[in-house]
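See structure below.
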Amino acid sequence: MQPRTPLVLCVLLSQVLLLTSAEDLDCTPGFQQKVFHINQPAEFIEDQSILNLTFSDCKGNDKLRYEVSSPYFKVNSDGGLVALRNITAVGKTLFVHARTPHAEDMAELVIVGGKDIQGSLQDIFKFARTSPVPRQKRSIVVSPILIPENQRQPFPRDVGKVVDSDRPERSKFRLTGKGVDQEPKGIFRINENTGSVSVTRTLDREVIAVYQLFVETTDVNGKTLEGPVPLEVIVIDQNDNRPIFREGPYVGHVMEGSPTGTTVMRMTAFDADDPATDNALLRYNIRQQTPDKPSPNMFYIDPEKGDIVTVVSPALLDRETLENPKYELIIEAQDMAGLDVGLTGTATATIMIDDKNDHSPKFTKKEFQATVKEGAVGVIVNLTVEDKDDPTTGAWRAAYTIINGNPGQSFEIHTNPQTNEGMLSVVKPLDYEISAFHTLLIKVENEDPLVPDVSYGPSSTATVHITVLDVNEGPVFYPDPMMVTRQEDISVGSVLLTVNATDPDSLQHQTIRYSVYKDPAGWLNINPINGTVDTTAVLDRESPFVDNSVYTALFLAIDSGNPPATGTGTLLITLEDVNDNAPFIYPTVAEVCDDAKNLSVVILGASDKDLHPNTDPFKFEIHKQAVPDKVWKISKINNTHALVSLLQNLNKANYNLPIMVTDSGKPPMTNITDLRVQVCSCRNSKVDCNTAGALRFNLPSLLLLSLFSLACL
C-alpha cells in the first residue's frame with residue numbers, strides 16, 4: 001500500500017467537507033452525527049459497544065465499509081463501534097471513515113480525558129487487515145459550481161470543470177445525480193474526456209436551489225476507477241418574484257380614543273426569492289388611506305415589521321365624529337430593501353374603529369304622557385332615547401328601570417330590541433275608582449358600563465304621566481263563590497240565601513238586576529230585584545247534576561249602564577243526605593242443580609245510593625208470606641252480603657224468591673226484590689236449564705262470582 005501525499009489528503013478532506021455541507025432536498029449522504037464526545041473510561045472492554053454510528057449514501061449503503069484510525073477498534077455492520085481487545089490508552093481522538101461506491105464521510109470521536117499517543121492521520125484511510133481490497137489513490141478535484149437562474153439562450157453552456165491529476169489513459173468522466181440521470185433529467189452533463197460540466201436549460205432557484213451531483217472516473221468498460229466525489233451546483237438567485245400577501249383578508253380593530261402609537265395589526269408579505277439576499281428583503285409602506293378624514297395620515301406602518309399603528313391623537317379617533325368608522329389602507333411591500341428597483345406587491349387592510357361606551361343614553365323628552373282604560377293590560381307608551389354609540393353593541397342597547405311610582409308592581413318596562421325604545425306596560429289592571437292618575441319615574445342605562453370619565457346625567461331619567469279612563473265595570477259578587485248547606489229534601493220554595501253584588505263604579509249611580517245564568521237541574525230561582533234565591537223543585541243529593549254532594553249554579557248581576565255591564569257569581573250548595581233511597585240487591589238470578597249436594601244457591605249483595613248511616617248494615621229476609629218456611633234459607637255473611645240456600649233439593653223449574661232488604665236509616669227503608677232461581681238438570685257434567693228457561697250458569701260458577709263481588713266490597 002503506497003503512502004499518501006499531503007495534497008491527496010487535503011483533496012480527500014475537502015471532499016468530506018463538501019459532502020457534509022450538501023443540501024439535498026431528499027437525502028444528505030454521510031454520517032447523521034459527525035462529532036461525538038465520550039469520557040475516557042478506565043478501560044475499553046473487548047466487544048463492548050461504545051456508541052452507534054449512522055451513515056447513509058442515500059442509495060442503500062451497498063458495499064459499505066468502515067475504517068477506524070486506531071487498529072484496536074472496529075465498526076460492526078450495524079454501526080456499533082467496539083474494541084477488538086481490552087485497552088486503556090487510545091489518545092484524545094478517534095476518526096471513523098465510511099465509504100460506499102456512491103459516498104464517503106468521516107466522523108470524529110473526542111475522548112474527554114484521553115492522552116496523546118503517536119500516530120499518523122494516514123491511518124484514518126487504512127482498511128482493516130481483513131479487507132482484501134487495497135485502497136486506491138484518489139485524485140479527482142471538484143469545486144462548487146455557481147449558476148445564475150433565468151439564463152437565456154444559447155444552451156448548452158459550460159459552467160465548470162472537474163480535474164483529475166492522475167487520471168489513467170482512456171478513462172472517462174461520469175456525472176450522476178438529480179438533474180443528470182435522475183429527475184429532473186438532462187439538466188447537466190459532463191464531457192467524458194475533458195471534465196467540462198455544462199447546463200442545458202434555464203434554471204429556476206425557486207424550484208431547486210441546489211443540485212447535489214456526483215463525479216467519478218471509469219475505465220473503457222464503465223467500471224468505476226475513482227469516486228464518486230460530490231459536486232454541488234448552486235443556483236444564484238435573481239429578483240424575479242414579487243412580494244405577495246398570502247394571509248388575507250386583513251382586518252384589524254382598534255378601540256376609539258386609543259392612545260397614539262396603539263398597534264392595530266401586523267401585515268407581512270412573502271417573497272419566494274433567496275431570503276439571504278436583498279431580493280427578498282421587504283419594506284412596507286401605506287400607499288393610500290380611504291377615507292382621508294379627519295387626517296390623511298391616521299395610521300403608520302413599520303417599514304420592516306409590517307406593524308400598523310395609530311398616529312393621530314385619541315380625540316381624532318372618535319367613532320361618533322368620524323365620517324366612517326371603517327378605514328381601508330392600500331399596503332405596499334417592496335423587495336430590494338425598498339429601493340426603486342425592487343418589485344412590489346399590494347394588499348388591502350381594513351381597520352374598524354370599535355366603539356366604547358363613551359356616550360350615555362338620553363331620553364328625547366323629559367315627560368311622556370299615556371292613557372289607559374281601567375281593567376286593561378298591555379303596552380301603553382313607548383319611551384324614546386338617543387345614544388350615539390354603535391347600535392350593534394351593548395354600549396347602545398338600553399336597559400330601563402322604574403325607580404318610583406310603582407308600589408303595587410302594576411307596571412313593567414322592557415326594551416324593544418329593534419328600536420331601543422322602552423315599552424311601558426300595565427301588567428295588573430288599574431282601578432279608576434282607586435286612582436285615576438299615576439306618575440312614574442323611569443331611568444335608562446346601557447347594557448355595558450360607561451367609561452370612567454362618562455356618567456349618567458339628568459337626561460337619563462324621564463317622567464311618565466298616566467291617566468286612567470273610567471269604564472263601566474260589571475258588578476262584583478261578594479263573596480264569590482257563595483256557599484250554603486241544606487238537606488236534600490227541603491220543601492219547594494225554601495229560601496237558600498240572598499246574593500250580594502256591588503257596582504265598582506262607585507261614582508256612577510246604577511241599579512243592579514239579578515238572573516239565573518246556569519242551573520243544570522232547574523232547581524233554583526232568583527229575585528231580580530233583591531237577589532233572594534229559593535228552590536223550585538226538590539233537591540236531590542243523588543242527582544247526576546250533583547258532584548260529591550255539591551250542586552253548582554251561576555248567577556248574573558247586570559247594572560244599568562250604557563251599555564250594561566255584567567258580573568257572574570257562583571253558588572255552591574252542599575246537600576246533606578237523608579234516607580230517601582231504599583237498598584237493592586244483586587244479583588237477581590241464580591242457578592242450582594236439581595241433585596246438588598251443596599244446597600247453597602247464591603250470595604246476595606246489597607247497595608244504597610244514600611250515605612252512611614243511611615246504608616249498611618243491611619238486613620236480609622225472605623218474605624215469608626209468599627214462600628214456605630222449610631224450602632229456603634237466608635243467612636247473613638256480613639253487613640252487606642247474605643247467603644241464600646235450599647233446605648232440600650227441588651225439581652227442575654223456575655222459582656221466584658221474594659227477598660226483603662232493609663237499610664239502617666232512621667226511619668229505615670225496605671225494598672222487596674224477586675230472586676229468580678233456576679233449578680236445572682245436571683247430568684254428566686252438563687247443565688240443562690232449557691225447560692226452566694234458565695241462564696247457562698252452573699252453581700259453583702255463580703257462587704264464585706258472588707264471592708268475588710263480596711271480596712271487592
Side-chain angles (χ1 to χ4, degrees), residues 12 14-32 34 54-65 98-106 138 140-164 167 171-238 240 272 274:
L12 289 172
S14 69
Q15 293 171 353
V16 172
L17 292 175
L18 283 172
L19 184 62
T20 59
S21 63
E23 295 182 8
D24 192 302
L25 293 177
D26 294 333
C27 178
T28 301
F31 285 104
Q32 288 189 2
K34 302 182 185 300
T54 302
F55 174 88
S56 175
D57 67 352
C58 302
K59 292 182 178 294
N61 284 353
D62 184 37
K63 298 181 181 179
L64 172 62
R65 294 181 181 276
R99 71 177 295 233
T100 72
H102 305 288
E104 61 182 283
D105 199 358
M106 184 167 62
R138 300 290 299 276
I140 299 176
V141 179
V142 296
S143 299
I145 298 174
L146 307 180
I147 307 175
E149 65 173 331
N150 303 322
Q151 285 184 324
R152 298 182 180 180
Q153 296 281 359
F155 290 106
R157 63 172 66 191
D158 290 340
V159 292
K161 189 171 183 178
V162 177
V163 178
D164 188 348
R167 183 162 66 94
S171 64
K172 299 179 181 181
F173 289 102
R174 182 163 62 192
L175 186 65
T176 60
K178 292 184 178 181
V180 183
D181 57 348
Q182 301 176 30
E183 294 295 340
K185 296 180 180 180
I187 297 178
F188 303 99
R189 61 191 184 190
I190 190 169
N191 187 304
E192 61 183 17
N193 296 316
T194 66
S196 293
V197 178
S198 59
V199 63
T200 64
R201 68 187 75 163
T202 300
L203 302 181
D204 187 347
R205 192 205 67 85
E206 286 70 47
V207 177
I208 298 178
V210 177
Y211 293 86
Q212 188 67 52
L213 308 180
F214 297 92
V215 180
E216 60 187 352
T217 58
T218 66
D219 60 17
V220 293
N221 296 319
K223 182 179 179 180
T224 300
L225 299 176
E226 187 75 18
V229 176
L231 170 61
E232 193 173 55
V233 178
I234 301 172
V235 183
I236 302 173
D237 185 43
Q238 290 188 337
D240 58 346
D274 188 351

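These numbers were taken from a predicted model, which means no experiment stands behind them.
Here Leu203 contributes atom CG and Ile208 contributes atom CD1; the two are 9.0 Å apart, rounded to the nearest 0.5 Å. Taking OG from Ser198 and CD1 from Ile190, the interatomic distance works out to 9.0 Å, rounded to the nearest 0.5 Å. Rounding to the nearest 0.5 angstrom, the gap separating the CZ atom in Arg65 from the CZ atom in Phe55 is 13.5 Å. Here Lys161 contributes atom NZ and Ile145 contributes atom CD1; the two are 12.0 Å apart, rounded to the nearest 0.5 Å. Distance check, rounded to the nearest 0.5 Å: OG1 of Thr100 to CG of Asp57 gives 3.5 Å. Between Ile234 atom CD1 and Ile147 atom CD1 the span is 10.0 Å, to the nearest 0.5 Å.
Closest heavy-atom contact between Pro29 and Phe214: CG-CZ, 3.9 Å. The two atoms that bring Ser171 and Leu225 nearest to each other are CB-CD1, 3.8 Å, heavy atoms only. Summarising the geometry of Gly227 relative to Arg99, their closest heavy-atom pair is O-NH2, 4.4 Å, with the distance given to 0.1 Å.
Here the side chains of Ile140 and Thr217 are in contact, with some heavy-atom distance below 4.5 Å. Two residues are said to be in side-chain contact when any heavy atoms from C-beta on lie closer than 4.5 Å; Val162 and Val197 meet this criterion. Counting heavy atoms from C-beta outward, Glu216 and Val229 have side chains that stay 4.5 Å or more apart. With a 4.5 Å cut-off on side-chain heavy atoms, Val180 and Arg189 do not count as touching. Here the side chains of Leu175 and Leu231 are in contact, with some heavy-atom distance below 4.5 Å.
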**OP:** Could you walk me through whether Arg205 and Asp240 pass the side-chain contact (heavy atoms from CB on, under 4.5 Å) test, one step at a time?
**Re:** CA-CA 10 Å; Arg205 192 205 67 85; Asp240 58 346; over 6 Å; no
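No donor-acceptor distance shorter than 3.5 angstrom exists from the side chain of Glu149 to the backbone of Asp237, with no hydrogens or angles considered. The main-chain N or O of Asn221 is found under 3.5 Å from a side-chain atom of Asp219 such that the two form a donor-acceptor pair. Between the side chain of Thr200 and the main chain of Ile187, a donor-acceptor pair closer than 3.5 Å is present.
Partners of Asn191 by side chain to side chain contact (heavy atoms under 4.5 Å, CB included), not counting sequence neighbours, listed by chain and number: Asn193, Thr194, Ser196.
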Identify all side-chain donor-acceptor contacts of residues 151-158 below 3.5 Å with residues at least two apart in sequence or on another chain.
{"unit_1": "Gln153", "atom_1": "OE1", "unit_2": "Phe155", "atom_2": "N", "d": "3.1"}
{"unit_1": "Arg157", "atom_1": "NE", "unit_2": "Pro154", "atom_2": "O", "d": "3.4"}
{"unit_1": "Arg157", "atom_1": "NH2", "unit_2": "Arg152", "atom_2": "O", "d": "2.7"}

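Heavy atoms of other residues, nucleotides or ligands lying less than 6.0 angstrom from CD of Gln32 number 12 at most.
Put simply, the residue from Lys172, Arg167, Arg174 that forms a salt bridge (charged side-chain N to carboxylate O under 4.0 Å, His left out) with Glu192 is Lys172.
The ring-ring contact (aromatic ring centres under 6.0 Å, His included) analysis of residues 192-212, with sequence neighbours excluded, yields the pairs Phe188-Tyr211.
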